[in-house]
Amino acid sequence: MKIVKAGVVLALGILASAGVASSALAADGPGTEKSESYRFVVVPKVVHPWFDKVNQGAQQAAAAIKAQTGSDVEIQYSAPQSANVAQQNEIIERAISTRPDGIIVDLLDPSGNRTVLQEAQEQGIPITLFDSINPEGMNLTTVGSDFCEQAEMAANRLIELLDGEGKVAIMMGVPTAPNHAERARCAQAVFDAHDGIEVVATGVDNDDINTAQQQASAIMQANPDLDGWVASDAAGPVGIGQAIKEADKVGKVQLVGLDDLSQMLVLIKEGVADSSSASRPTMQGYWSVISMWQLATGAITPNHIDTGNIMITPDNVDSFME
Amino acid sequence: MLRKAMGFMVSNPLSGVVGVLALIVVVASLLSENFLNSYNLVIIARSLAFIGMITIAQSMLMILGELDLSLGAIGGFCGVIGGILMVKVGLNPWLAFALCLAIGALFGLLNGLLVTLLRLPSLVLTIGMAGVYGGLNLVITKGVAITGIPADIGFLGSGKWAGLPVPFWIMLLFLVVACFITLKTPFGRYMYAVGSNLSAARMLGIRADRVRLGVFAFAGFLAALAGMLMVARLGSAQPSIGDSWVLGPIAASVIGGVPTTGGIGTPLGAIFGAAIIGVIENVIVLLGISPYWQSMVSGAIVVIAISLDSISRRYFKRD
Amino acid sequence: MAYLHVDHVSKMFPGVKALDDIVLEIEMGQVHTLAGENGAGKSTLVKILTGTEKPSQGRVMIDGQDAASHDHLHKTIAYVPQEINLFGNMTVAENLFMPFSRSRRGGWLFRRRELERAAQTWIDRFKIAARPGDKVRHISISDQQLLQIARACTNESMKILILDEPTSSLTETEVERVFRVVRDVVSSGCGVVFISHKFDEMFAISDTISVLRNGRKIETRPASQLDDRQLVSLMSGQEVKTDSRLQPEGGSGEVMLRVEGLCGKRFEDVSFTLRRGEILGFAGLVGAGRSEVMQTLFGFLPARSGNVQLEGRAWRLGDTHYSIRNGLFYLSEERKYHGIFPGQSVRRNIGMALLHATARHGVIDARRERERVGDIVRDYDIKTPTMNKNIAFLSGGNQQKAIIGRAMACDPRILIFDEPTKGIDIRTKMEIYRLMKVLAERGVGIILVSSEMDELRRCANRIITLYEGKVSGEFHIDQASGDALVGAIHGHGGSGHAA
């Protein structure tokens, strides 16, 4: 099974060669500025376990840079209390006023965040994006994986499990979250392309495990012959898994989850869920910091660093557990 | 002279909240060297502008003894309607802006009508209406922001005048209007009468329902204004605008001397309350306090602020 | 030495000397009445006796010990406030023993059975017409009043019982029930401090009467050595003319207000007329529907049916704004609930009705408001340090004067007074009576709802009696014998006997 996307390897390669090049060639070329310490602010969408993993990766990168270069890297993690563009903008603004060496952001909405990002640039503070796309007319380095691909992986896996035939349901996350919406759309597209598969229901869980459980229970009540589930956010499959257990339908209803929350991993170990299509938050945090640091040293960073998606199955689930 | 000043401070109901605000500002500037830089002050002014407009609206309702928990949803919904009118319909942005304010006032009026005609407690009714407005918002947008707001109105949201954000000046303008209404007009007196003793107000022939409708409509107008200014600021109509405008303004009003039971306090006091909350939230992020602790810390400081105010009031009354 | 000894007590509030060198002894087994006008210092003295306020000078000696250093001594003094202060949605038994820790009915579990059994003995002793399990809001006002007294008496260490105007919302027969209880308490060896504004009650129940005026004690005398006249002059410090007849003169004019077949909440088919220049009295028991009729007429309560005409023109019901605009005012007996705006200043409370005169182009002119309110404060002799004082801190009489003054400022055509002198001292009472007379003579139609027979006989030209929501009699004052009136109040038509 393909675990790491080629893009990541490529990015590693670019970085490695950049390092080699700078030491071998011009002493004042791109990426040669050195500072004793850096302070980067990480602004996720909201307080959420998925972003804790991003933070973890960011801290790992900081430690790595310290170990390799001796420069101190401080990671300041500053999360909005709710997933709200205005609130996230305020967090970014406050980050700007502490004048950090860089801000790493997961945009809640590219168009809504645009003004603040411009403000940061006017104030001379570099920005790296992760898990999101560039606002119109901006060209910032983005780090992340392909949401559509992630959802397609899950949908295809479910079709495989059902031998190409059956009734399935999709759990939407937060309807206002573009990445959740995109995943739902891509999964739907995959199902639509298979004649044997019928999407009989769509739930909305608002990225909340309890809501997901209630919605999933209700949908399974209404559709007793449901065969399988996919989800569009990290909380969704955890709630669905609990609902499946409660309804005593383990094995009868298939679940292909999303992302790698610890409860998700447990569900896979228990056999409630078959597998989970995961983006790699730790890696996103790690590479965001590496890229940010490179930018701060004067290097030119790539348009996009693809951290890839991975299928977590019972075979490899142990390597994700801590 | 000093005695006189002290006397004024003790007798003025605002002195407590202003004192607490001053204390927090001093502590904040000692804790973070970034607090008093001009950029940060602009940020504080701007966030106070939006939450402030909702606070003015909510505090006026609270003087009446009412609450409207759907103000945030009205703001968000009006913003989205404005976005549709400007982008999809292609209406003149200024006309769309004005139209949305009127629609906001209508929504507020609708809340008021339901409260007065059905004799429902506004708390419960407006929780329901928040669902209705927020739901319609999602139905129309499918959760996707409307982008491409004409740049003409952009300066209303992100422009500056005399060094401070335009929305802040607009908020101040409406604060003056609100204080004028509540303190200088018969209508304002009726608000306090209805909030302090509804039966006595009816006994005096005050048409309590009309007063309520007026304030609900004005509150809806202010919510729509905040929503539209936010649209202008973001350059896009976000369905999530207003989500965080629900509890803060109520807490701000209480801190600023408008109890939920109604009858006393002023919008001015409520704005000071909002400033306290705004400064606390700003400083917490400046200090880099862990996001998991932020709610707890800001909540605790708000509780301390309220207690300080009430303790000082009791202490001074004793003598 | 007496059980309770007030030893040269003074109490200072900012700017006011509320009590000035009071010396007083309360004996066990006696009823000691505190008489005085509103603001004479009775309430402050009571607060000092119960320990809620500390004296600025002097001591309160209880059982020979200084109460300031033995706080528990205050617990032997039970206090029953003037207003009903019960939990309406809880049962009689629960109210009796609340808080359960105090009445030693606490513990971990709430034992309903046992509580109600214990309550029954109190109910029997006080002859309260209720069962232990009845919700308090379902029992009558007089039973609630008795229940309040009973609750105070459940305090086993009680030696002195203070009753603050226990009869102000009761009719005469109901008052007798309270007195029976008071005598019962006295005969068990306790002392009773009684506060009232009604002279007949004072003389009926008291052994000793002490008179307070402006924070000083003027006199303490056995009740048998005092009469009405002396008491009035002691209380007011001057001769008060207590005219026996204060009916407006000049005879009745044309019909101003005609009410036909008015039906509403708790009353049926009420018809009457009000003539210009007369005071029309309404008598009846508490709960007979008098206030409801007036509030419906005023538009505060909804009417089911009925036809009302004011000066020949059809009158709209159900809209207080219309009533006020057209000159019909209702002054409620429930000042706290229907009259004042607590938390607002005297100026704002009065100014609320003057806005038509003080606002220009929709803006209130603060100077004009100050002037106009100042005039009313002066004209109606409202005692307040400044007009910016919170009205809730004024005495009941001064609140009442503020409310009357406020209504007067609007040039009323008809004024309905509902128990206007409840809890008000004799001098203010007389002022209000004279005011009604003057107004009636000036052509304002006056309706007076009262539970005090004396008040009605003194002021009204005609009296209409209500019994259980229906008109049970109509009397011209010259033809109304006491017996006939009392009979009509109790539903025995015009001919009955006193109950």
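Within every chain, numbering begins at 1; the chains are lettered A, B, ... in the order of the sequence lines, protein sequences first and strands thereafter. Just so it is clear, the model here is predicted, and its values are computed rather than measured.
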Task: disulfide bond (SG atoms under 2.5 Å apart) assessment of B:Cys100 paired with B:Cys78 - done: CA-CA 6 Å; B:Cys100 281; B:Cys78 288; 5.9 Å; no
- [ ] Take B:Thr147 and A:Ser111 through the side chain to side chain donor-acceptor pair (under 3.5 Å) test and state the conclusion after the steps.
- [x] CA-CA 6 Å; B:Thr147 54; A:Ser111 58; 5.4 Å; no
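Residues A:Ser279 and A:Ser145 have side chains that never bring a donor and an acceptor to within less than 3.5 angstrom of each other. Under 3.5 Å, the side chains of A:Ser37 and A:Glu74 contain no donor-acceptor pair of N or O atoms. A donor-acceptor contact closer than 3.5 angstrom links the side chains of A:Asp192 and A:Gln188. For the residue pair A:Gln150 / A:Asp259, a side-chain donor-acceptor distance below 3.5 Å is found, with atom types taken as modelled.
The contact between B:Asn37 and chain A is made entirely by side chain atoms (from C-beta outward), counting heavy-atom distances below 4.5 Å. Both the backbone and the side chain of A:Arg94 come within contact range of chain B, judged by heavy atoms closer than 4.5 Å. Within the 4.5 angstrom heavy-atom criterion, only side-chain atoms of A:Asp52, from C-beta onward, approach chain B. For chain B, the nearby part of A:Glu119 is the side chain; its heavy atoms alone come within less than 4.5 Å. Contacts of A:Leu108 with chain B are absent, with no heavy-atom separation under 4.5 Å from either backbone or side chain. For chain B, no part of A:Asn113 is nearby; none of its heavy atoms comes within less than 4.5 Å. Interface residue B:Arg46: only side-chain heavy atoms are found under 4.5 Å from chain A. For A:Thr115, the part lying under 4.5 angstrom from a heavy atom of chain B is the side chain only. The parts of A:Ala79 that come within reach of chain B are both its backbone and its side chain, each placing non-hydrogen atoms under 4.5 angstrom from that chain. Contacts between B:Glu281 and chain A at a heavy-atom distance below 4.5 Å involve backbone atoms as well as side-chain atoms. Contact of B:Leu286 with chain A is made through backbone and side chain together, with heavy-atom distances under 4.5 Å. Only the side chain of A:Gln81 comes within contact range of chain B, with heavy atoms under 4.5 Å apart.
Using the six-membered ring where Trp is involved, B:Trp245 and B:Phe50 have ring planes that are parallel, under 30° apart on the 30 and 60° scheme.
Each of A:Ser288, A:Pro135, A:Pro110 was checked for a side chain to side chain contact (heavy atoms under 4.5 Å, CB included) with A:Leu129, and the lone residue meeting it is A:Pro135. For the side chain to side chain contact (heavy atoms under 4.5 Å, CB included) with A:Ser78, the lone residue among A:Ile92, A:Ile91, A:Ile103 that qualifies is A:Ile91.
In terms of non-hydrogen atom pairs under 4.5 Å with chain B, the most contact-rich of A:Gln123, A:Arg114, A:Gln87, A:Arg99 is A:Gln123. Top candidate by heavy-atom pairs under 4.5 Å with chain B, chosen from A:Asp109, A:Val47, A:Val116, A:Val174, is A:Asp109. Between chain B and the options A:Val41, A:Asn89, A:Asn84, the largest number of non-hydrogen pairs under 4.5 Å is found for A:Asn84.
Side chain of A:Ser217 to backbone of A:Gln215: no donor-acceptor contact under 3.5 angstrom is found.
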